[in-house]
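Working notes, structure below.
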Amino acid sequence: MTIGIMGAMPEEIEPILKKIGNYEEIKYANNTYYKANYNNINLIIAYSKIGKVFSTLTASNMINKFSCEMILFSGVAGGINPDLKIGDLIIATSLAQHDLDITAFGHPHGYVPEGKVFIETSEKLNNIAKEIAKSENITLKEGIIATGDQFVSSSERKKFILDTFKADALEMEGASVALVCDDLDVPCFVLRSISDTANEEASFDFDEFLKSSAKKSSNFLMKIVDKIIING
Ligand code: 4EH
């Protein structure tokens with residue numbers, strides 16, 4: 001079995017590489033893919049760089065070049081749902097591109113012909129996450145994550161994304177990874193820990209909480225990896 005583990009920024013995969021300890025570095029398509037044997041399965045780990053385009057490329061490479069049979073994303077996000085405080089964990093049940101806009105032709109936000117607004121993640125993987133959270137008393141929210149090529153630091157933009165997509169959190173890579181997985185028929189899982197609340201203070205909060213929130217997401221993600229391995 002080969003599992004792909006993605007983040008967008010170095011900080012989002014560093015705690016995972018640290019836990020694994022031993023890995024090989026493979027350079028491909030102007031990026032580094034870390035290959036490890038972990039409890040007798042193969043892991044391919046990479047940070048894509050920021051945004052939908054880089055994350056699309058990395059997810060595609062993980063599947064088509066490195067033969068990953070599922071992709072697990074770990075990282076941080078801006079919170080929209082007021083229940084989500086900095087450090088809290090959320091898994092995406094579905095994701096949408098909040099900046100995809102051909103509304104001029106009468107289409108809804110996030111929609112292009114032959115695509116869909118909301119892309120679902122793997123129910124199986126989400127159930128594993130929920131079981132672990134329950135048995136270990138970890139608070140885990142599930143909901144809609146909106147993705148776009150912008151760092152959101154405005155209450156107005158945040159309200160648009162809430163009103164348009166009913167999103168609980170936002171970030172810059174999840175929907176593109178989910179789209180690649182959906183079209184290539186590979187299970188997808190997107191986990192994020194809140195680093196800021198996408199308002200006017202977002203850039204300051206982000207700088208303060210990136211590392212601690214990324215670590216929380218990484219720690220929980222590795223529990224899921226362990227469970228996937230046990231389940232076979
Ligand atoms: O990969 C990008 C990072 C911000 S850009 C998306 N990530 C973090 C999630 C995220 C996010 N996305 C949009 C957390 N909070 C967000 C928000 N809006 N408010 C970045 C940050 N620091 C240095 C360089 N780029």
Side-chain angles (χ1 to χ4, degrees), residues 4-17 30-32 45-59 62 71-92 94-101 109-110 119 121 141 143-180 188-221:
I5 300 177
M6 275 183 71
M9 303 176 72
E11 290 87 348
E12 292 174 322
I13 64 160
E14 255 154 28
I16 296 168
L17 292 176
N30 201 31
N31 204 359
T32 305
I45 304 156
Y47 72 89
S48 59
K49 297 178 284 238
I50 293 161
K52 293 191 291 180
V53 177
F54 281 128
S55 57
T56 299
L57 176 64
T58 300
M62 283 204 159
I71 291 191
L72 316 179
F73 192 105
S74 174
V76 299
I80 300 177
N81 188 319
D83 290 352
L84 285 169
K85 307 296 181 205
I86 289 173
D88 287 355
L89 294 166
I90 177 170
I91 55 172
S94 69
L95 301 98
Q97 297 182 61
H98 69 72
D99 59 345
L100 185 56
D101 183 350
H109 283 280
I119 299 162
T121 53
K141 195 170 179 60
I144 295 168
I145 292 183
T147 301
D149 282 328
Q150 20 178 278
F151 182 82
V152 177
S153 57
S154 128
S155 305
E156 199 185 327
R157 182 69 191 166
K158 195 176 147 178
K159 188 180 183 307
F160 164 81
I161 294 167
L162 170 65
D163 293 345
T164 311
F165 300 99
K166 304 268 167 286
D168 296 287
L170 59 86
E171 33 85 316
M172 302 177 66
E173 299 85 16
S176 36
V177 172
L179 185 149
V180 168
C188 180
F189 176 75
V190 178
L191 171 70
R192 297 271 184 172
S193 172
I194 302 302
S195 57
D196 58 84
T197 52
N199 58 9
E200 285 67 18
E201 283 86 61
S203 62
F204 307 100
D205 288 338
F206 179 85
D207 282 340
E208 188 172 347
F209 297 109
L210 166 63
K211 277 198 177 166
S212 58
S213 293
K215 199 169 174 193
K216 283 179 187 164
S217 181
S218 298
N219 288 346
F220 190 67
L221 191 94

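Since the model is a prediction, treat every value here as computed from it, not as a measurement. Counting starts at 1 for both ligands and their atoms, following the listed order.
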>> Go through it in stages, so that I can follow the logic: the residues are I86 and S213, the test is side-chain contact (heavy atoms from CB on, under 4.5 Å), and I'd like the CA-CA distance, side-chain angles, deciding distance and then a yes or no.
In response: CA-CA 8 Å; I86 289 173; S213 293; 4.3 Å; yes
> Do the side chains of V76 and E171 get nearer than 4.5 Å, heavy atoms only?
Replying inline: no
> Is it true that K158 and E200 have a side-chain N and a carboxylate O under 4.0 angstrom from each other?
Replying inline: no
> For ligand 1, what is the set of protein residues having any non-hydrogen atom at a distance below 4.0 Å?
Replying inline: A8, M9, I50, V76, A77, G78, Q150, F151, V152, L170, E171, M172, E173, R192, S195, D196, A198, F206
> Under 3.5 Å, is there a donor-acceptor pair between the side chain of D168 and the main chain of I144?
Replying inline: yes
> Is the count of non-hydrogen atoms from other residues, nucleotides or ligands lying under 6.0 Å from F165 atom CZ greater than 12?
Replying inline: yes
> Do the side-chain N and O atoms of S176 and S55 include a donor-acceptor pair separated by under 3.5 angstrom?
Replying inline: yes
